[in-house]
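Just below is one structure, and these are the notes that go with it.
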Protein chains: 2
Amino acid sequence: MIITKAGRRMFPAMRVKISGLDPHQQYYIAMDIVPVDNKRYRYVYHSSKWMVAGNADSPVPPRVYIHPDSPASGETWMRQVISFDKLKLTNNELDDQGHIILHSMHKYQPRVHVIRKDCGDDLSPIKPIPSGEGVKAFSFPETVFTTVTAYQNQQITRLKIDRNPFAKGFRDSGRNRMGLEALVESYAFWRPSLRTLTFEDIPGIPKQEYAARSFRGRDIFLANPDSFSPHSLSRNLGSKDG
Amino acid sequence: MIITKAGRRMFPAMRVKISGLDPHQQYYIAMDIVPVDNKRYRYVYHSSKWMVAGNADSPVPPRVYIHPDSPASGETWMRQVISFDKLKLTNNELDDQGHIILHSMHKYQPRVHVIRKDCGDDLSPIKPIPSGEGVKAFSFPETVFTTVTAYQNQQITRLKIDRNPFAKGFRDSGRNRMGLEALVESYAFWRPSLRTLTFEDIPGIPKQEYAARSFRGRDIFLANPDSFSPHSLSRNLGSKDG
DNA sequence: TAGTTAACACCTAGGTGGAAACTT
DNA sequence: AAGTTTCCACCTAGGTGTTAACTA
């Protein structure tokens, strides 16, 4: 995932659907992003792999993205797909825009937090998320990603360009193609290859970002409003992601 | 003020600052727009005046714009200038976008409402604002305006074009000027007139919209958190606007 | 050399009044 | 004739990867 000094959105954005909330209870929904391991990585071009390149850099100030619809009732949250597309990542450790601060060339795992309102009174973008009764965390292994300041891999670049509306200007059909190549590719029978690029189409794609497709929408199930506790959380998580 | 079927922002937008709230109490801030009188108007070009042209059209479904930061603590509200720039006006009585529905060619008065959270549980964009203890309404006479679907008056048009960033394309310095006029106006000594147009500069400006300048920021004072009642409201209002 | 930064062209998304077509 | 609607060029605001310059 690209990170910049000014802050960069994730693409694709994390999107989840939640069930099992108490419709009349108020909740905050928040997201943070935690290191997967204690390593720094480098991308080895000839083998198209990320390899360990030493230990992780020193920790950065923890940041929390509080979903802008927070707080809202369980009913409201459950009725919609919850999108984190406004969340931004930065490598600026002195960031004062409330963006999530990460190290480049490290592996990270996003987490979604569901926080009952009465447990979230001290919720803040610059404080760690509280834990305990009334607070649940969810994470999906397929959403692990590696941070970069510039793409290391042409397939990832291609995928982003083809999928992100804001990158339309770099698509093959755009002005980017030059002369002969443009003409050749304008023939339909020559085109089926990369225009519809998905992860399934590229065996052996390096895990700069793993299974971005799955980001498009995950379901979170809470057993039921009464058993809303860290324990039932892990059971639920296990059954959905194991 | 322009109103359209799809919904049009007000320009300038209503902006207020509030003091006297209980910093730790939660409030909704909302806006509605009420008829000034029971009349329909027409613009008489030769006299540059709005004149009564019969009785008002039949009432439209009442709508409320709930400020998107709602609910928030008194502290949060008092720290910022509260802007209603996302609010939209429409003449579509069947509108389903939650916009405020008005009749064209009528006079209206925006009202700002401060609603203590425990009094606003049934707050809805399609229901009238509750009244009683814990709910206060504020309105400023200089924010009265007349609705139109097309400007009736070249001075208003000019004012909007000069002040609204989104209308920059119609400014004199843009491509709009034609030949000679452009050349003439490019001389600095010929320019001081309308480029810095304000209401003060135009004596006798017709009240299609009255004192837009004052929209830029009004202060609302609540006597103090303890006397938060409709009665103290009207006293405060009187002292600030009388 | 490997990684980062800043400026940039090219997009999406949506807010302006103008002008002509349309309605009543 | 008077008012409304639709389409449009022209903006603001901001999200993309590219590129070349920069940095350690």
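Residue numbers begin at 1 in each chain, while the letters A, B, ... track the order of the sequences. Only a predicted model underlies this, so the values are computations on that prediction, with no experimental measurement involved.
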Review item, nucleotides 22-24 of chain D N/O atoms under 3.5 Å of protein N/O:
none

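- Under the side-chain contact (heavy atoms from CB on, under 4.5 Å) criterion, B/Q97 pairs with B/D95, B/H99, sequence neighbours left out.
- Heavy-atom distances to DNA chain C give each of A/K5 and A/R42 a nearest nucleotide, and the one nearer the 5′ end belongs to A/R42.
- A/I3 places its CD1 atom 16 Å from the C1' atom of D/dG17, with the value rounded to the nearest Å.
- Protein atom CZ of B/R158 is 15 Å distant from nucleotide atom C1' of C/dG18, rounded to whole Å.
- Near DNA chain D, meaning a heavy atom under 4.0 Å from it, residues 91-106 of chain B has B/N91, B/S104, B/M105 in order of number.
- The aromatic rings of B/H103 and B/H106 are tilted relative to each other, their planes meeting at an angle between 30° and 60°.
- With sequence neighbours excluded, no residue forms a side chain to side chain donor-acceptor pair (under 3.5 Å) with B/Y28.
- The distance from atom CG of A/D162 to atom C1' of D/dG17 is 13 Å, rounded to the nearest whole Å.
- Distance CD (A/Q155) to C1' (D/dG17): 17 Å, rounded to an integer number of Å.
- Panel note: side chain B/K17, backbone B/M78; a donor-acceptor pair is recorded below 3.5 Å.
- A/F166 is linked by a ring-ring contact (aromatic ring centres under 6.0 Å, His included) to nothing, counting only residues two or more places apart in sequence or in another chain.
- Partners of B/E93 by salt bridge (charged side-chain N to carboxylate O under 4.0 Å, His left out), not counting sequence neighbours: none found.
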Below 3.5 Å is the cut-off: list the nitrogen or oxygen pairs between protein and nucleotides 12-17 of chain C, distance only.
{"residue": "C/dT12", "atom": "OP1", "partner": "A/K168", "partner atom": "NZ", "Å": "2.9"}
{"residue": "C/dG15", "atom": "OP1", "partner": "B/K88", "partner atom": "NZ", "Å": "3.1"}
{"residue": "C/dG15", "atom": "OP2", "partner": "B/K88", "partner atom": "NZ", "Å": "3.0"}
{"residue": "C/dG15", "atom": "N2", "partner": "B/F166", "partner atom": "O", "Å": "2.9"}
{"residue": "C/dT16", "atom": "OP1", "partner": "B/N164", "partner atom": "ND2", "Å": "2.8"}
{"residue": "C/dT16", "atom": "O4'", "partner": "B/F166", "partner atom": "O", "Å": "3.4"}
{"residue": "C/dG17", "atom": "OP1", "partner": "B/Y151", "partner atom": "OH", "Å": "2.6"}
{"residue": "C/dG17", "atom": "N7", "partner": "B/R8", "partner atom": "NH2", "Å": "2.5"}

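- Applying the salt bridge (charged side-chain N to carboxylate O under 4.0 Å, His left out) rule to pairs touching residues 143-153 of chain A yields nothing, sequence neighbours excluded.
- When the C1' atom of C/dG18 is taken as reference, atom CG of B/D172 falls 15 Å away, rounded to whole Å.
- For B/D57, the salt bridge (charged side-chain N to carboxylate O under 4.0 Å, His left out) test picks out B/R40, with sequence neighbours left out.
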List the atom pairs, donor and acceptor, that lie under 3.5 Å between side-chain atoms in residues 2-14 of chain B and the rest of the protein, sequence neighbours left out.
{"residue": "B/T4", "atom": "OG1", "partner": "B/G7", "partner atom": "N", "Å": "3.0"}
{"residue": "B/R9", "atom": "NE", "partner": "B/D85", "partner atom": "O", "Å": "3.3"}

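- With hydrogens and angles disregarded, a donor-acceptor distance shorter than 3.5 Å links the side chain of A/S70 to the backbone of A/I29.
- Side chain to side chain, A/D32 and A/Y65 fail the donor-acceptor criterion of an N or O pair below 3.5 Å.
- Atom pair A/W50:CH2 and C/dA2:P shows a separation of 13 Å (rounding to whole Å applied).
- Here the side chains of A/Y27 and A/I115 are not in contact, with every heavy-atom distance at 4.5 Å or above.
- One interatomic measurement links the two molecules: CD of A/Q154 to P of D/dT19, which rounds to 10 Å at whole-angstrom precision.
- The side-chain heavy atoms of A/P110 and A/F84, taken from C-beta on, include no pair separated by under 4.5 Å.
- B/R42 meets the salt bridge (charged side-chain N to carboxylate O under 4.0 Å, His left out) test with no other residue; sequence neighbours excluded.
- Atom-to-atom, CD1 of A/I156 to P of D/dT18 comes out at 13 Å; the value is rounded to the nearest Å.
- Sorted by residue number, the list of members of residues 53-70 of chain A with any non-hydrogen atom under 4.0 Å from DNA chain C is empty.
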